[in-house]
Structures are given as structure tokens and as C-alpha cells.
There are 2 protein chains.
Amino acid sequence: MSGVRAQKKQQTRRAIEEAAVELFSCKGFDATSMEDIAHAAGVGKATIYGYFPAKDDIFLQYCDDRLVIAFNQFKEQHSKEISFVEYLIAFFMIKFVFITENREFGRLLLREMLFPKEPTDKAREHNQRYFDILEGVFCVAEERGEIAPNQDHFTLSGHFFSLYVGLLAGWYSGYFDSLEEVEKSMRTLFHQVCHGIIS
Amino acid sequence: MSGVRAQKKQQTRRAIEEAAVELFSCKGFDATSMEDIAHAAGVGKATIYGYFPAKDDIFLQYCDDRLVIAFNQFKEQHSKEISFVEYLIAFFMIKFVFITENREFGRLLLREMLFPKEPTDKAREHNQRYFDILEGVFCVAEERGEIAPNQDHFTLSGHFFSLYVGLLAGWYSGYFDSLEEVEKSMRTLFHQVCHGIIS
DNA sequence: AAAGAATCTCGAATGCAGTCGAGTTTACCT
DNA sequence: AGGTAAACTCGACTGCATTCGAGATTCTTT
């Protein structure tokens with residue numbers, strides 16, 4: 001039975017994560033010290049570093065986990081019956097809402113994910129989840145004749161993703177007052193992609 | 001004559017900035033301590049805080065200044081004779097090269113500019129410089145009949161800017177091996193915007 | 001020119017993220 | 001069981017950004 005230790009580890013890990021998320025939500029990320037977390041979780045400060053490489057990672061991990069859940073919920077809820085643009089809007093808006101739900105959390109997550117100190121497999125893997133989903137959307141859209149054939153799906157994914165990131169940057173810089181405005185802009189932008197701006 | 005003090009301040013400020021940039025370039029941002037900078041600049045550590053609110057701001061300020069110079073150079077060098085897409089590509093590629101010249105500098109600059117802790121006038125002002133330039137480009141393009149009339153220039157600017165940001169994120173996540181690849185992708189994406197992906 | 005106000009300067013102190021290494025617990029082997 | 005290796009834990013320590021506050025310098029006023 002090599003279960004005692006493993007079980008305890010799980011427990012400790014969860015205790016740390018829960019304590020951290022609770023404190024971050026309550027006091028804010030910067031105002032929460034590792035000592036606070038350690039105390040709240042009932043472990044020594046250094047112990048935390050056996051579970052998470054750095055303070056950031058505690059809730060980066062947490063956010064990422066929650067994001068996966070949101071993904072899956074979305075996949076269940078939304079059929080691909082609607083036009084692919086509407087589908088994409090629903091997809092990105094869910095993410096948008098999720099990310100901006102807590103301004104500070106989202107900010108840190110985005111910073112880390114989009115502009116990492118150096119490229120990591122973790123981030124790549126994270127992105128791959130997007131691309132896989134979008135890939136599926138584009139395939140269906142192509143079959144239905146909604147988009148021209150022979151387009152590089154990776155580039156397409158990148159295009160929509162970029163617009164999503166741009167909207168987030170706009171949000172964080174105060175260019176939107178409400179989610180409705182964001183959705184409106186997203187719709188405009190996505191339609192630009194579809195129809196072009198020339199004709 | 002209230003000049004002695006003011007002059008000294010200018011001198012000190014420049015000494016700090018120069019010492020900091022020199023050290024950041026040489027040793028890297030994280031590896032350079034405020035004490036190093038203070039010592040190199042010949043002032044006390046605390047003095048620096050009389051000139052810059054935080055370590056980040058020292059070279060954020062510097063980067064921003066240099067960026068303005070790059071902007072102006074660009075405006076002089078490039079005529080608007082070429083097609084507006086080629087103009088935009090030239091414009092954004094210069095910025096791209098500038099930003100990624102020093103990976104660490106660019107990363108910090110982007111993080112701060114795109115996802116600020118809270119919206120600041122400083123960032124707004126920074127962005128406004130873009131929009132003004134792009135505005136001009138779109139007006140000319142419209143007159144020439146290169147793009148359909150009655151489009152919202154702000155949204156258009158946002159669109160191209162988003163793609164630029166997306167490419168940067170791709171670069172920082174290791175999806176490109178060279179600037180040539182970036183430019184190629186940029187061209188593809190910009191053409192998508194022009195012609196749409198439907199027809 | 002003298003004194004009082006404003007500004008500038010810096011070494012010392014503070015607070016926090018992250019590391020170290022010694023001590024403790026668990027797993028594995030014979 | 002008994003002993004050894006591996007993994008876990010934590011208080012003390014390190015290094016750094018940022019703040020404090022007391023003293024020095026410059027400006028202003030009369």
C-alpha cells in the first residue's frame with residue numbers, strides 16, 4: 001500500500017490551492033503573502049514550494065483547470081447547428097467572460113499565457129486545446145460551404161484568436177464599458193474576417 | 001535663477017536611465033538590482049525612486065521614448081504610394097522588430113501596455129499614437145478605393161492591431177522561427193482581412 | 001544676508017518571494 | 001522486525017524592491 005503518502009499529498013495540495021484561491025479572491029493577489037497561504041493551509045511556507053514552483057502557478061493552475069471545465073460545458077451546451085460565426089462568438093464570449101470575471105486573475109493568466117518568459121510545453125498544450133476545437137469548427141464550416149475551401153485552419157484559428165486577444169487588451173485598457181459592447185465589436189470584427197473589407 | 005537644481009535633476013535622471021538601460025541590456029532585467037543601478041549612476045538607492053516610481057518604469061519609459069523615435073523615422077521613410085496593405089505590413093513589422101529586438105524588454109513592455117493593472121491615460125495616449133497613424137492610412141485607402149467606404153476606422157485599426165498582437169503572442173510562444181515567417185503570416189492574415197474568407 | 005520653506009539625498013529598516021539544509025515521516029527490501 | 005533510501009516538512013536564511021525619516025542642499029522672502 002503506497003497510498004498513505006499519496007493521499008496525504010493530494011490533501012495537502014488541495015488545502016494549499018483552496019487557501020490560496022480564497023485569500024487571493026478576498027485580499028487580492030499581491031496583498032496575499034506566501035506566509036498567509038501557508039498559515040491558512042496549515043503547512044510551512046517552504047512546503048508550498050514542494051507543490052507549486054511559484055506563487056503565480058498556484059492559481060494559474062487553478063484557472064487553467066477551471067477553464068478546461070468551462071470548455072467542456074461549452075461543448076455539451078452548444079450544437080454546431082448555428083452558423084460557424086455565431087458558434088465562434090459564443091465560444092470566445094464564454095472565455096472572455098470567464099477571464100474577465102476577476103480582473104486580476106485574468107490579467108495574470110493572460111500575461112503568462114500570451115507572453116511567457118520562454119515558450120513552454122504547458123502553454124503550447126494549453127493553446128493546442130483551442131486549436132483542436134477551432135479546427136473542428138472550421139472543418140464543419142468548410143463542409144457546409146460557409147467558408148472557402150483550402151484555407152489553412154491554423155492561420156484561421158490564429159486570426160480569430162488574435163481578435164479575441166485584441167478585445168481583451170481593449171477591455172483591460174478601458175475601451176469597453178460592458179460585455180454587450182465587447183460582443184458587438186466581436187461580431188463586427190468576425191464579419192470583417194468573413195466578408196473582407198474591400199467589397 | 002532656479003536653474004541649478006533643475007539642471008542637476010535632468011542630469012541625475014539621465015544618469016539613472018543610462019545606467020539602468022546599460023545594465024539591463026548587459027545583465028538582463030531580473031539580474032540587475034536597484035543597488036547596481038544606483039551604484040552605476042552614482043546615487044543612493046532611494047534616490048532612484050524620486051525619479052521613477054518603480055524598477056519597471058525606468059525602461060518602460062525608455063522603450064516608449066525609443067518607440068516614438070522609430071515611429072517618426074517610419075513616417076519619414078515610407079511614402080503612402082504603395083498599397084495600404086503593404087504600408088501596414090511595413091508599419092507593423094518595424095514595430096515587431098523593435099519590440100522583439102530584446103525579448104525581455106519587449107515582453108515587459110507588452111505586458112504592461114496591453115494588460116495594465118488599471119487603465120491609465122499614459123497607455124491610452126500611447127495607443128492613440130497608433131490609431132492616429134492608422135486613421136490616416138485608412139482615409140487614404142478609402143479615397144483610392146482600396147477599401148469599402150463607411151467602415152469604422154477605429155474598428156479597422158483594432159483589427160489590424162489585434163493581428164499584430166496575436167503574432168507577437170505567437171512569437172513569444174515559439175510558433176515562429178524567424179521574422180520572415182512572421183511577415184509571411186502577417187501578409188496572409190492581412191489579406192484575409194481584405195478579401196474575407198468566404199469567397 | 002539670514003532664516004525658514006521646499007526639495008533632494010541616501011543609509012537603514014521593512015516586507016516578501018523563494019532557497020537551504022537539517023530533521024521527520026513513509027516506503028521498500030531482506 | 002530492522003535498516004536504509006526516498007520523499008516530505010518547515011523554520012531560518014538570503015536577496016531584492018520599496019519605504020522611512022533624518023539630514024543636506026537649494027530656493028524664496030524680507
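In the text below, chain A, chain B and the rest are named by the order of the sequence lines, each starting its count at 1. Everything numeric in this text was worked out from a predicted model, so none of it was measured.
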- Partners meeting side chain to side chain donor-acceptor pair (under 3.5 Å) with E17(A) (sequence neighbours left out):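 None.
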- Query: Partners of E86(B) by side chain to side chain donor-acceptor pair (under 3.5 Å), sequence neighbours excluded?
  - Reply: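 With neighbours one apart ignored, the set is R187(B).
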- Qualifying residues under salt bridge (Lys or Arg N to Asp or Glu O under 4.0 Å), relative to E125(B), sequence neighbours excluded: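 E125(B) satisfies salt bridge (Lys or Arg N to Asp or Glu O under 4.0 Å) with no other residue.
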- Message: If you take any heavy atom closer than 4.0 Å to DNA chain D, which residues from residues 20-39 of chain A end up in contact?
- Response: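 Heavy-atom contacts with DNA chain D come from no residue of residues 20-39 of chain A; none.
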- Query: Under a 4.0 Å heavy-atom cut-off, which of residues 102-114 of chain A touch DNA chain D?
  - Reply: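 Listed by number, there are none.
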Partner set under side chain to side chain contact (heavy atoms under 4.5 Å, CB included) for [X], not counting sequence neighbours:
{"X": "H39(A)", "answer": "none"}
{"X": "K184(B)", "answer": "none"}
{"X": "A46(B)", "answer": "none"}
{"X": "L108(B)", "answer": "F29(B), F59(B)"}

- Would you mind reporting whether H195(B) and H195(A) have side-chain heavy atoms less than 4.5 Å apart?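 The answer is no; the side chains never approach within 4.5 Å.
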Between protein and nucleic acid, restricted to nucleotides 9-11 of chain D and to nitrogen or oxygen atoms under 3.5 Å apart, what atom pairs and distances do you find?
residue	atom	partner	partner atom	Å
dT9(D)	OP2	Y51(A)	OH	3.0
dC10(D)	OP2	G44(A)	N	2.7
dC10(D)	OP2	T47(A)	OG1	2.6
dC10(D)	O5'	G44(A)	N	3.4

- Message: With side chain to side chain donor-acceptor pair (under 3.5 Å) as the rule and sequence neighbours excluded, what pairs involving residues 110-119 of chain B come up?
- Response: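 Sorted result for residues 110-119 of chain B: D30(A)-K117(B), R111(A)-E112(B), E112(A)-R111(B).
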Indicate every side-chain donor-acceptor pair of residues 167-174 of chain A with a distance under 3.5 Å to a residue at least two apart or in another chain.
residue	atom	partner	partner atom	Å
Y172(A)	OH	R103(A)	O	2.8
Y172(A)	OH	R107(A)	N	3.1
S173(A)	OG	A169(A)	O	3.0

